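All chains are named by letter (A, B, ...) in the order of the sequence lines, taking the proteins before the strands, and each is independently numbered beginning at 1. All of these numbers come straight from a predicted model, not from anything done at the bench. Basis for what follows: all heavy atoms, side chains included, without hydrogens, waters or symmetry-related copies.
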Number of protein chains: 2
Amino acid sequence: MMFSSPAGTQSALSMRLSHYLPLTAAEADALEEMQGERRRLIAGEVLVEAGGPIDALFVVQQGWFHSSTRPVIGGRQILRFHYPGDLIGTSSIAWSRASASLTAVSDGIVTEVPKAKLGRLLAEHGRLAGLLYAVAAAENVALSDRLTSIGRMNAIQRLATLLLDILARLRVTAGGVVDSFDLPLTQTDLGDALGLTKVHVNRTMREMEMRGMISRSGRRIRVLDEAGLVAFTGFVDRHAEIATDWLPACA
Amino acid sequence: MMFSSPAGTQSALSMRLSHYLPLTAAEADALEEMQGERRRLIAGEVLVEAGGPIDALFVVQQGWFHSSTRPVIGGRQILRFHYPGDLIGTSSIAWSRASASLTAVSDGIVTEVPKAKLGRLLAEHGRLAGLLYAVAAAENVALSDRLTSIGRMNAIQRLATLLLDILARLRVTAGGVVDSFDLPLTQTDLGDALGLTKVHVNRTMREMEMRGMISRSGRRIRVLDEAGLVAFTGFVDRHAEIATDWLPACA
DNA sequence: CGTCCATTTGACCAAGCTCAACCGCCGTGG
DNA sequence: CCACGGCGGTTGAGCTTGGTCAAATGGACG
């Protein structure tokens with residue numbers, strides 16, 4: 001059996017999953033078949049509005065996205081950043097209204113996955129069900145890490161943790177050793193992700209620069225002393241891989 | 001269609017899942033078969049240590065548990081509370097080391113679920129795979145809510161949100177209308193869950209009492225103005241139910 | 001060239017933390 | 001049966017981190 005779609009249009013989801021576990025042709029086909037049209041978004045565009053009705057998920061094909069909520073008091077909390085290959089909007093699985101907004105951070109492309117099609121995929125492809133369950137579990141841990149960061153760390157550690165996390169995630173797709181990247185986020189975004197104000201994010205970045213932890217030029221951030229930052233924050237890279245040994249063999 | 005196991009020994013997991021969706025006998029059987037011996041824990045006992053090796057999950061049968069991490073700086077972050085019917089230790093699915101500690105808050109009972117058995121269950125019971133995936137998605141949203149609470153709310157709102165959440169969760173199993181409960185948590189625990197110190201938790205509780213939001217006697221907490229607190233915090237009850245309409249029909 | 005938005009900086013403020021002491025309850029051992 | 005010790009809760013005084021408000025700078029783009 002062969003992939004039904006040419007390599008150029010293969011979805012980022014199957015690429016990501018096959019990074020964890022070689023997929024059979026049938027599995028890859030099913031993943032492709034599940035996804036609808038590509039939809040293009042420009043930076044800042046809102047894909048899903050929190051509280052609004054929703055009956056589909058999305059796969060990020062290109063670009064960065066984030067999910068966020070708006071607490072009653074005002075302000076915003078950014079919950080997670082999403083990268084190519086991520087399955088997003090999963091709250092629509094459990095409810096018919098979105099629990100968070102999905103916004104494009106940079107220009108991006110997504111494909112839509114109707115809930116029912118995901119249900120069928122999970123039912124018909126046992127190994128994929130396990131793999132997707134593992135990915136959901138990993139997402140849980142990512143949120144837990146963020147929670148620990150915001151709940152118990154000071155501003156510098158929070159920012160350092162986030163930068164290390166972005167770095168780790170970029171390495172998954174970049175392959176080689178990366179120690180710098182273009183950050184498509186404003187300082188307001190960073191603050192909303194870290195539970196800080198943009199003013200304090202600014203001061204914190206400058207202090208990190210002052211202390212020789214990072215250097216900046218424009219949007220580009222370079223992490224100068226990664227080992228030091230890891231020790232300083234207790235950062236654990238969760239992106240490198242996930243266990244698949246417990247999955248049953250191919251059906 | 002009948003359940004194969006007598007009600008007395010039926011696991012809390014199948015009871016919880018069948019609350020969302022009536023299970024077939026085969027599904028209920030598979031859930032029971034997956035679980036090992038019951039294990040009894042006393043309040044404060046640690047079931048799983050963060051960082052330690054782990055190759056199984058657990059189902060809470062009785063009592064409250066929590067998962068927590070220890071940031072480098074010291075202190076502790078309680079990530080979630082777990083109640084009967086919850087599948088816990090799910091980080092073991094994605095990695096072979098625990099990302100958080102699991103501790104019994106009150107005396108409790110758990111059953112063990114080997115990873116491989118969960119893998120088989122997901123592969124062989126498509127509808128359960130979908131349902132468990134939905135539960136994992138719901139857990140994600142619960143963590144997101146907590147993140148928003150800690151990231152963007154003040155002490156009173158954080159505490160109020162937690163109390164409302166406990167109330168909502170207790171109602172799932174209690175059935176009737178509950179407006180008070182015995183809190184098995186110390187103020188230190190509350191602080192670790194909310195990203196506050198125990199001292200400030202104390203002051204915050206007393207202020208809530210002063211303002212007529214709650215009343216306390218010993219461990220018992222009564223929520224006096226639930227509607228007011230809901231409006232004040234923007235609390236959304238995620239426990240009431242989850243959508244199952246998208247699941248395929250019985251195999 | 002002007003407008004908009006992100007960044008930067010300063011002065012001041014306050015929510016929550018730290019440190020420290022004290023109280024009250026309960027279980028335990030003499 | 002009572003003294004002791006420990007833990008959880010309560011309270012006070014002073015401090016720190018990060019927030020608020022406000023204004024200036026600077027780059028990108030029409």
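Between the side chains of B:Thr69 and B:Gln77, no donor-acceptor pair is found at a separation under 3.5 Å.
Rounded to whole Å, atom P of D:dT17 lies 14 Å from atom CG of A:Leu196. With rounding to whole Å, B:His200 atom NE2 is found 11 Å from C:dA14 atom C1'. Rounded to whole angstrom, the span from the CD atom of A:Glu207 across to the C1' atom of C:dT8 amounts to 15 Å. The interatomic distance linking A:Leu183 (CG) with C:dT7 (P) rounds to 9 Å, in whole Å. If you measure from atom CZ of A:Arg158 to atom C1' of D:dG18, you get 9 Å, rounded to the nearest angstrom. Counting to the nearest Å, the P atom of C:dC17 and the CD1 atom of B:Ile73 are 15 Å from each other. Rounded to an integer number of Å, the gap from CD1 of A:Ile150 to C1' of D:dG18 is 14 Å. When rounded to the nearest whole Å, the span between CG of B:Leu190 and P of C:dC17 equals 13 Å.
For B:Gln187, the side-chain atoms get nearest to D:dG9 when compared with the rest of D:dG9, C:dC17, D:dG18. Taking every side-chain heavy atom of B:Asn202 into account, D:dG9 is the closest of D:dG9, C:dC17, D:dG18. Taking the side chain of A:Val199 as heavy atoms from C-beta on, and the options C:dT9, C:dG16, D:dT10, the nearest nucleotide is C:dT9. Counting only heavy atoms from C-beta on, B:Arg216 has its side chain closest to D:dT10 among D:dT10, D:dG19, C:dG16.
Using a 4.0 Å heavy-atom criterion, one finds that B:Arg219 contacts the sugar-phosphate atoms exclusively. Here B:Gly195 lies in heavy-atom contact (under 4.0 Å) with sugar-phosphate atoms only. Residue A:Gly218 is out of contact with every strand shown, counting any heavy-atom pair closer than 4.0 Å.
Remark: B:Arg238 does not engage B:Asp165 in a salt bridge, criterion side-chain N to carboxylate O under 4.0 Å. Between A:Glu207 and A:Arg203 no salt bridge is recorded (no basic side-chain N to carboxylate O distance below 4.0 Å).
Look at B:Asn154 and you won't find any side-chain N or O under 4.0 angstrom from OP1 or OP2 of C:dA15. At C:dT8, one or more side-chain N or O atoms of A:Arg206 fall inside 4.0 Å of OP1 or OP2 (strictly under the cut-off). Taking only side-chain nitrogens and oxygens, B:Thr197 comes nearer than 4.0 Å to OP1 or OP2 of C:dC17.
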Intermediate values then yes/no, side-chain hydrogen bond (donor to acceptor under 3.5 Å, both in side chains), A:Arg220 and A:Ser180: CA-CA 7 Å; A:Arg220 191 144 201 96; A:Ser180 70; 3.3 Å; yes
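Residues A:Thr186 and B:Ala155 each lie close to DNA chain C; by heavy-atom proximity, the contact nearer the 5' end of the strand is made by A:Thr186.
One distance of note links CG of B:Leu87 with CZ of B:Arg16; it measures 9.0 Å at 0.5 Å rounding.
Residue side chain B:Arg203 reaches the base of D:dG12 through a donor-acceptor N/O pair under 3.5 Å, judged by distance alone.
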